[in-house]
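Just so it is clear, the values below take in all heavy atoms, side chains as well, and ignore hydrogens, waters and symmetry mates.
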Amino acid sequence: QVQLVESGGGSVQAGGSLTLSCVASSGNPSNTYYMGWFRQSPGREREGVAVMSSAGVKTYEESVKGRFTISRDDAKTTMSLEMSSLKVEDTAIYYCAAGPYSFGGSPLAARRYHYWGQGTQVTVSA
C-alpha cells in the first residue's frame with residue numbers, strides 16, 4: 001500500500017503560479033514507478049495532467065505543456081507540480097497518484113494508477 005498526501009493548492013488569479021507537492025509513504029518502490037498529477041472539475045472526467053516515471057520520463061497533457069513542470073525525488077518519495085501562467089480552465093481538484101509499471105497505453109491514463117491522494121483544490125480566477 002502507498003499513501004499519498006497532497007499540499008499546496010489554493011486560489012490565484014489568472015497568469016499566476018502555484019506549486020503542488022505530494023508525499024508518498026515508504027514502501028515497495030515498484031508501486032511508485034509512475035507518479036503523476038490528475039485533475040477533475042465538476043461535470044468532467046478525471047484527466048491526466050503530468051506524470052513522471054522513476055526512469056525520469058515525463059509526459060504532459062497537451063494544454064499544460066510549457067506551463068507546468070513535474071519533478072520527483074525518489075530518495076524523499078516526494079513529487080511536485082510547478083504551475084505557471086495559470087488559466088481559469090485549470091481550476092479543478094488536483095490529485096496525486098502512483099502506480100506500478102505497466103506496458104502499453106498512455107502514462108496519463110488513470111487506470112494505470114492504484115494509489116490516490118485525497119485531492120487539493122486549485123482555483124484560478126479571471
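- A distance of 14.5 Å separates CD in E47 from CH2 in W37, rounded to the nearest 0.5 Å.
- At distances below 3.5 Å, at least one donor-acceptor pair connects side-chain atoms of K58 with backbone N or O atoms of I70.
- Rounding to the nearest 0.5 angstrom, the gap separating the CD atom in Q1 from the NE2 atom in H114 is 11.0 Å.
- Ring-centre distance between F38 and W116: below the 6.0 Å cut-off.
- Of the possible donor and acceptor atoms, none in the side chain of S17 sits under 3.5 Å from a partner among the backbone N and O of S84.
- A14 and A126 make their closest contact through CB-CA, 4.4 Å (heavy atoms, listed as atom of the first residue, atom of the second, distance).
- Here the shortest heavy-atom pairing between S41 and T91 reads CB-O, 3.7 Å.
- Considering only residues two or more places apart in sequence or on other chains, V12 meets the side-chain contact (heavy atoms from CB on, under 4.5 Å) condition with L18, L86, V124.
- Rounding to the nearest 0.5 angstrom, the gap separating the OG1 atom in T69 from the CE atom in M52 is 11.0 Å.
- Both V49 and L4 sit in one connected hydrophobic cluster of ILVMFWY residues. Membership requires side-chain heavy atoms under 4.5 Å apart, directly or through other members.
- Counting heavy atoms of neighbouring residues, nucleotides and ligands inside a 6.0 Å radius, atom CD of E45 does not exceed 12 of them.
- Summarising the geometry, atom CE belonging to M79 is positioned 12.0 Å from atom CG belonging to D73; distances are rounded to the nearest 0.5 Å.
- Checking side-chain atoms of S25 against main-chain N and O of Q3 turns up a donor-acceptor pair under 3.5 Å.
- Side-chain atoms of R46 do not come within 3.5 Å of backbone N or O of Q40 as any donor-acceptor pair.
- Within the 4.5 Å cutoff, the side chain of V51 has heavy atoms near those of the Y113 side chain.
- Proximity of M83 to L20: side-chain heavy atoms (C-beta onward) are separated by under 4.5 Å at one or more points.
- Side chains of T32 and V2 form a contact here, defined as non-hydrogen atoms less than 4.5 Å apart.
- Interatomic distance, S125 OG to Q13 CD, rounded to the nearest 0.5 Å: 5.0 Å.
- Taking both residues in full, the closest heavy atoms of P107 and T59 are given as CG-OG1, 3.8 Å, listed atom of the first, atom of the second, then distance.
- Taking OG of S53 as the start and CE of M35 as the end, the distance is 12.0 Å to the nearest 0.5 Å.
- Using modelled atom types and a 3.5 Å distance limit, the side chains of E6 and Q118 yield a donor-acceptor pair.
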Mind listing the side-chain donor-acceptor pairs of residues 94-105 below 3.5 Å, one per line with the distance, residues two or more places apart or on another chain?
{"from": "Y94", "atom 1": "OH", "to": "R39", "atom 2": "NH1", "distance (Å)": "2.9"}
{"from": "Y94", "atom 1": "OH", "to": "D90", "atom 2": "O", "distance (Å)": "2.6"}
{"from": "S102", "atom 1": "OG", "to": "R112", "atom 2": "NH1", "distance (Å)": "2.5"}

